[in-house]
Protein chains: 2
Amino acid sequence: MTTIRDVAQAAGVSRATAARVLSDPGLVAEATRKRVLEVVQQLGYTRNSVAASLRTTRTGRIIVTVPDISNPFFSRVIRGVEEAAQAAGYAVLLGDTRNEPAREEQYADMLNRREADGMIFLGPRLPSVLDRIRARDGSRAPIVNGCEFTPGLGVSSAHIDNAGAAFEVMDSLYTMGHRDIALVLGPADSPLTRDRLLGAQRAAAIRGLTGHLMLERGDFSIESGRRAAQALFARDARPSAIFCFSDEMAIGTLAAARNAQIACPAELSVVGFDDIDMARYVDPPLTTIRQPMAEIGRKAVELLIEILEGRQDVPLCVTLPHRLIIRQSVGKGPAIAETPE
Amino acid sequence: MTTIRDVAQAAGVSRATAARVLSDPGLVAEATRKRVLEVVQQLGYTRNSVAASLRTTRTGRIIVTVPDISNPFFSRVIRGVEEAAQAAGYAVLLGDTRNEPAREEQYADMLNRREADGMIFLGPRLPSVLDRIRARDGSRAPIVNGCEFTPGLGVSSAHIDNAGAAFEVMDSLYTMGHRDIALVLGPADSPLTRDRLLGAQRAAAIRGLTGHLMLERGDFSIESGRRAAQALFARDARPSAIFCFSDEMAIGTLAAARNAQIACPAELSVVGFDDIDMARYVDPPLTTIRQPMAEIGRKAVELLIEILEGRQDVPLCVTLPHRLIIRQSVGKGPAIAETPE
DNA sequence: TTGTAAGCGTTATCAG
DNA sequence: CTGATAACGCTTACAA
């Protein structure tokens, strides 16, 4: 391979000058610069990033891990991440952890090995191998959490107000006359599930309907939503509304309802979360909470870059706006239907 | 940061010995090894991969680019890629090119800069910056194409028989009595679209129905499928069956049909391609071609690793089996319905 | 404006 | 089995 040495030799300058032409051209005389660039072109020279990184201790890369790349919500967040990273001159290394702690650790360890400058972690758990870095750097550790937020960890995070959003959904369902509402939660260990559950419970408590809340657990996938709905339909008192913590689970719920000949929204209201592309195309179109997915990604990168640049005042937590999107999957509840004025 | 030097010093051995303990422990005496490992543990030493790569000229990474990460088909392929890569000791760097040539070039250039050992390219175009590598290495260039295949390029590829699969779909539609069939294609520049179109046209030609073929173009997204269907519904002679080159476009087509009050499968049959998770949950469940997505990914990695290991007999093209999955979105065509025996 | 030279942290070679 | 030493290719004081 051609190295900067070859370039320098061919251009009749020192290695230092040749290197300068590439990194800080302003320092080099016009004529020399031109000559060097010509040679670079001619020899097809490309800087060996490994050697450069060794010298500078910067890789220009950031690692981003997601629990599940096939989850359309995360794909959108990643879009935002890539956009912002690229604009700031960073390349994105994406890792799918499949929600397996071992894989999370593996990707996080890349940071220890200095394969990237920083890391954005989209998911519930913070890998333990990051402890070393955090012990060393404290709140200045180049680690940002996206979508989820665990207070007290000292790790910056970009997300929406999950509790508030869940509260809104429940409130609107109660207002529509629903009383027996089921929640299809996400994985048990996620702060996100916990927050949304808290918000929903608060709404129920205000109406004195805590006892009417039904819970099922899913893993955000379509299939888990379908199963949860089946389980709910098998209960003695079937809910009149199901609030799923992801659009995919809501779509699974719609499929289960169709299968059980339960009409939506006439007999059953369904609400999702995220507002993925598919949400508006299913039958009936899904009422859901829209998250600013790309913005979450962009913001996470922004936070990380501030940390990497050594800024002192990096906010610990950025809360972005969400919005309840009303479509046709929600109808009036039985309470209102049964007592017309 | 602690380096191998610190470890060596603390363990009272030379740097070389300390390094050996980590890379080839068999070469070191039991006692020494133990002592060194203890120190490693104690100091929390992690090998600096940048320095190691500089020396070995291997990064242990492979780059994988996809046209669109939010496309569920690609997510599944990536799953297979990660699985196989990890098993072989490689980390996967994922890049979303958003179908933009500039981004493709950018990721491909990472290979020139030696940021990874090889590259798997899922998509239609081979970035031009790879020419340098290919010029140098010829067919031994560490580049593999997945899903698509461009003959004559000398780049190995893993994929299904796209032409054959499309032929099967068309044949089954014709057998069901359909005559006026519309195709919703993918992007114009992709070999994959070209192959499927050829297969479909061959099936039409055999029946003498080439003139009855209607064509619309999409970009594999739901929305593009919806638009294509709308355009088809607006034609004078509406097709009785629509074959979309992706499940997502088929789902968009279903939505458009619902909107136009066209019953599926009674009045319109719809076929997709890929068999993504969602396919079985939509209404009606989608007839489609199942691709062995994970297997495509695994195979692509296998090919790449063979190249990286210097094997001479790396196959140029691996064709994996597909399967027509019959669900409820296809019904009898008007030709049969109108002429009962 | 340009050149000299000293590393960055690792691994490979070659003696011992 | 272990140690000394020389790279790998680049960047960056510092000197000229």
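Just so we're on the same page: letters track the sequence lines, and every chain starts at 1.
- Distances shown here put a side-chain N or O of A:Ser14 below 4.0 Å from the OP1 or OP2 atom of C:dG3.
- Annotation: side-chain contact (heavy atoms from CB on, under 4.5 Å) contacts of A:Ala29 (sequence neighbours excluded): A:Thr32.
- Shown here are the side-chain hydrogen bond (donor to acceptor under 3.5 Å, both in side chains) partners of B:Glu148, two or more places apart in sequence or in another chain: there are none.
- In this structure, the CD1 atom of B:Ile4 is 21 Å from the P atom of D:dC8, given to the nearest Å.
- A heavy atom closer than 4.0 Å to some atom of DNA chain D occurs in A:Tyr45, these being the qualifying members of residues 22-45 of chain A.
- Using modelled atom types, one finds no donor on one side chain facing an acceptor on the other under 3.5 Å when comparing B:Glu104 with B:Thr65.
- Helix-axis bend for the helix from C:dT1-D:dA16 to C:dG16-D:dC1: the local axis fitted to the five terminal pairs at one end deviates from that at the other end by 30°, rounded to 10°.
- Under the ring-ring contact (aromatic ring centres under 6.0 Å, His included) criterion, B:Tyr45 pairs with no residue, sequence neighbours left out.
- Of the candidates C:dA12, D:dG9, C:dT10, D:dG9 carries the atom nearest the A:Asn48 side chain, counting heavy atoms from C-beta on.
- Applying the side-chain hydrogen bond (donor to acceptor under 3.5 Å, both in side chains) rule to B:Glu100 yields the partners B:Arg103; only residues at least two apart in sequence or on another chain are considered.
- Distances shown here put a side-chain N or O of A:Thr17 below 4.0 Å from the OP1 or OP2 atom of C:dG3.
- No engagement by B:Val50 is indicated, since no non-hydrogen atom pair under 4.0 Å with the nucleic acid exists.
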For residues 294-308 of chain A, dump all side-chain donor-acceptor pairs below 3.5 Å to protein atoms at least two apart in sequence or in another chain.
unit_1: A:Glu295; atom_1: OE1; unit_2: A:Arg298; atom_2: NE; d: 3.1
unit_1: A:Glu295; atom_1: OE1; unit_2: A:Arg298; atom_2: NH2; d: 2.8
unit_1: A:Arg298; atom_1: NH1; unit_2: A:Glu83; atom_2: OE2; d: 3.2
unit_1: A:Lys299; atom_1: NZ; unit_2: A:Glu302; atom_2: OE1; d: 3.0

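- B:Asn145 places a side-chain N or O within 3.5 Å of a backbone atom of B:Phe121 that can act as its donor or acceptor partner.
- Distance, B:Arg5 CZ to D:dG3 P: 15 Å, rounded to whole Å.
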Exercise answer: donor-acceptor pairs, residues 13-22 of chain A side-chain atoms, under 3.5 Å, sequence neighbours excluded:
unit_1: A:Ser14; atom_1: OG; unit_2: A:Ala16; atom_2: N; d: 3.4
unit_1: A:Ser14; atom_1: OG; unit_2: A:Thr17; atom_2: N; d: 3.2
unit_1: A:Ser14; atom_1: OG; unit_2: A:Thr17; atom_2: OG1; d: 3.1

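- Partners of A:Ser53 by side-chain hydrogen bond (donor to acceptor under 3.5 Å, both in side chains), not counting sequence neighbours: none found.
- Taking atom CZ of residue B:Arg15 and atom C1' of nucleotide C:dC8, one finds them 12 Å apart after rounding to whole Å.
- With sequence neighbours excluded, the residues forming a side-chain contact (heavy atoms from CB on, under 4.5 Å) with A:Thr3 are A:Arg5, A:Asp6, listed by chain and number.
- Separating the CZ atom of B:Arg58 from the P atom of D:dC8 is a distance of 18 Å, rounded to the nearest angstrom.
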Report, one pair per line, the protein and nucleotides 13-16 of chain C atoms (nitrogen or oxygen only) whose separation is under 3.5 Å.
none

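- Between the P atom of D:dG3 and the CD atom of B:Gln9 lies a distance of 13 Å, rounded to the nearest Å.
- Regarding A:Arg114, its CZ atom lies at a distance of 9 Å from the P atom of C:dG9, rounded to whole Å.
- Residues forming a side-chain hydrogen bond (donor to acceptor under 3.5 Å, both in side chains) with B:Asp96 (at least two apart in sequence, or on another chain): A:Arg79.
- Protein atom CG of A:Leu54 is 14 Å distant from nucleotide atom P of C:dG7, rounded to whole Å.
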